[in-house]
Protein chains: 2
Amino acid sequence: MSASTKLSSSVKALCFLAETHPIPKTSREIAEKTGINASKLRQLLSMLAKTRIVISEQGTKGGFLLQKDPKKIHLQEIYCSIEDRKAFHLNVTQGNGSSDDSNLDFNTYFLDLFSAIQVDIEEKMRNISLENIMNQLKIKSKFK
Amino acid sequence: MSASTKLSSSVKALCFLAETHPIPKTSREIAEKTGINASKLRQLLSMLAKTRIVISEQGTKGGFLLQKDPKKIHLQEIYCSIEDRKAFHLNVTQGNGSSDDSNLDFNTYFLDLFSAIQVDIEEKMRNISLENIMNQLKIKSKFK
DNA sequence: CCTAATTGTTATAGTAAGAGTAACATATTT
DNA sequence: AAATATGTTACTCTTACTATAACAATTAGG
């Protein structure tokens, strides 16, 4: 699952939880509503539970529940919860047999550049809340 | 070859051409200097030739030659020459059997978001010239 | 005109990554 | 104890990628 698909899948699930708050929803229910595989959903939601965006309750009558106000959930923290790898990252695995070791400088240069780009992307995502998205998509939150 | 690796490989090759200007260099020579496979280099450089960043000359005594002043070559145009796919792009291949078709709205939302991010990335790259990079890496251009 | 050398493009073989699902341990309620 | 969730790992299948090779197209020089 690509980073972008993970992100949109997570947002879909979170929107559904905001809509149905405060009733816990199982991965199966969310899967039926969103069309995302229940197993994959559990993988995503368990990561979102670790960063306290949702609460997960095991056992009978268990399920997932929004833990934070949609106003206070930002795309960036969702992204960071589900993805450790950078969005725009350099493959430095190139074991070239070059005599010239200026390649090291090149790699450093690009790593720095891509880090700067990554910062920009995260800054953009930091300014978008789940509520913003729901408003734009005209979904009503039932979060108290 | 990932987008980022293509970009850094292209820049390495272009720097080498700027350094050795105006002597045409074969893909084999560039390969030896940069540690990038000659066949891959030809693939990259032939794309850079189509966008008039380099000149390619076939046949005996042929090779590659810088066509533009390093001052006027920007990362963004290099990137666009070698990559048609977007850096941060959404997998909309998710054929979900969901009854709810709000997924269409979600996908549209994220496509728009990722397009905006892409614009930012390209803007950043538009402000970096090959000369900038060479200065930063202390490589001297012999472009007349 | 023929040969050598080079780019341009396609193909190929081997490896790695990813998607989708299944299986099962862990936990919790009744 | 049984039923039902999550959490995590594993498995299969397909897809993508990597690196290289092969060869057609092109050009210079004798």
Side-chain angles (χ1 to χ4, degrees), chain A residues 1-9 13 17 23-32 34-67 81-85 89-98, chain B residues 1-6 8-10 13 17 23-32 34-67 81-85 89-98:
Chain A
M1 208 175 212
S2 72
S4 56
T5 309
K6 279 190 195 169
L7 186 61
S8 68
S9 295
L17 291 180
I23 303 158
K25 293 290 171 182
T26 68
S27 58
R28 209 167 77 79
E29 284 176 292
I30 305 172
E32 280 165 8
T34 61
I36 302 160
N37 180 277
S39 189
K40 265 289 186 262
L41 267 176
R42 289 204 299 274
Q43 290 171 1
L44 291 173
L45 288 169
S46 77
M47 291 190 272
L48 294 171
K50 279 173 185 160
T51 53
R52 317 258 179 185
I53 294 172
V54 301
I55 296 171
S56 70
E57 290 167 345
Q58 285 186 319
T60 310
K61 302 288 171 190
F64 297 93
L65 201 62
L66 220 54
Q67 187 166 10
S81 300
I82 58 176
E83 194 69 36
D84 42 25
R85 180 172 149 188
H89 101 299
L90 180 63
N91 275 353
V92 250
T93 52
Q94 195 149 217
N96 48 34
S98 166
Chain B
M1 206 175 213
S2 73
S4 55
T5 308
K6 278 191 198 170
S8 67
S9 295
S10 299
L17 291 180
I23 302 158
K25 293 290 170 183
T26 68
S27 58
R28 208 166 77 78
E29 283 176 293
I30 305 173
E32 278 165 9
T34 61
I36 302 159
N37 180 276
S39 188
K40 263 289 185 264
L41 267 176
R42 288 204 298 276
Q43 289 171 0
L44 291 173
L45 288 169
S46 77
M47 291 191 270
L48 293 171
K50 280 173 185 159
T51 54
R52 316 261 177 180
I53 294 173
V54 300
I55 296 172
S56 70
E57 289 168 345
Q58 284 186 318
T60 310
K61 303 287 172 190
F64 297 95
L65 201 63
L66 219 55
Q67 188 166 11
S81 301
I82 58 176
E83 195 68 37
D84 42 25
R85 181 171 148 189
H89 101 300
L90 179 64
N91 275 353
V92 252
T93 52
Q94 194 148 221
N96 48 33
S98 165

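Letters go in sequence order (proteins before strands), and every chain restarts at 1.
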Hey, is the side chain of [X] poking within less than 4.0 Å of OP1 or OP2 on [N], counting only N and O atoms?
| X | N | value |
| --- | --- | --- |
| B:Thr60 | D:dT26 | no |
| A:Ser46 | D:dT6 | no |
| B:Asn37 | D:dT20 | yes |
| B:Thr26 | C:dT6 | no |
| A:Ser56 | D:dG7 | yes |
| B:Lys50 | C:dT9 | yes |

Can you measure [X] atom [atom1] to [N] atom [atom2] for me and round it to whole angstrom units?
| X | N | atom1 | atom2 | result |
| --- | --- | --- | --- | --- |
| B:Lys25 | C:dT7 | NZ | P | 12 Å |
| B:Glu29 | C:dT6 | CD | C1' | 11 Å |
| A:Leu41 | D:dT8 | CG | P | 15 Å |
| A:Phe64 | C:dA27 | CZ | P | 15 Å |

So how far is it from A:Thr5 OG1 to A:Leu44 CG, rounded to the nearest 0.5 Å?
->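 Here the rounded value is 10.5 Å.
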
What nucleic acid atoms does B:Ser39 come within less than 4.0 Å of, heavy atoms only: base, sugar-phosphate, or nothing?
-> base

Does B:Gln58 or A:Lys61 map to a spot on DNA chain C nearer the 5' end, using the closest nucleotide for each?
-> B:Gln58

Any chance you could lay out the side-chain contact (heavy atoms from CB on, under 4.5 Å) test for B:Ile30 and B:Ile36, step after step, and finish with the verdict?
-> CA-CA 8 Å; B:Ile30 305 173; B:Ile36 302 159; over 6 Å; no

Please confirm whether any donor atom in the side chain of A:Gln43 sits under 3.5 Å from an acceptor in the base of D:dT6, or the reverse.
-> no

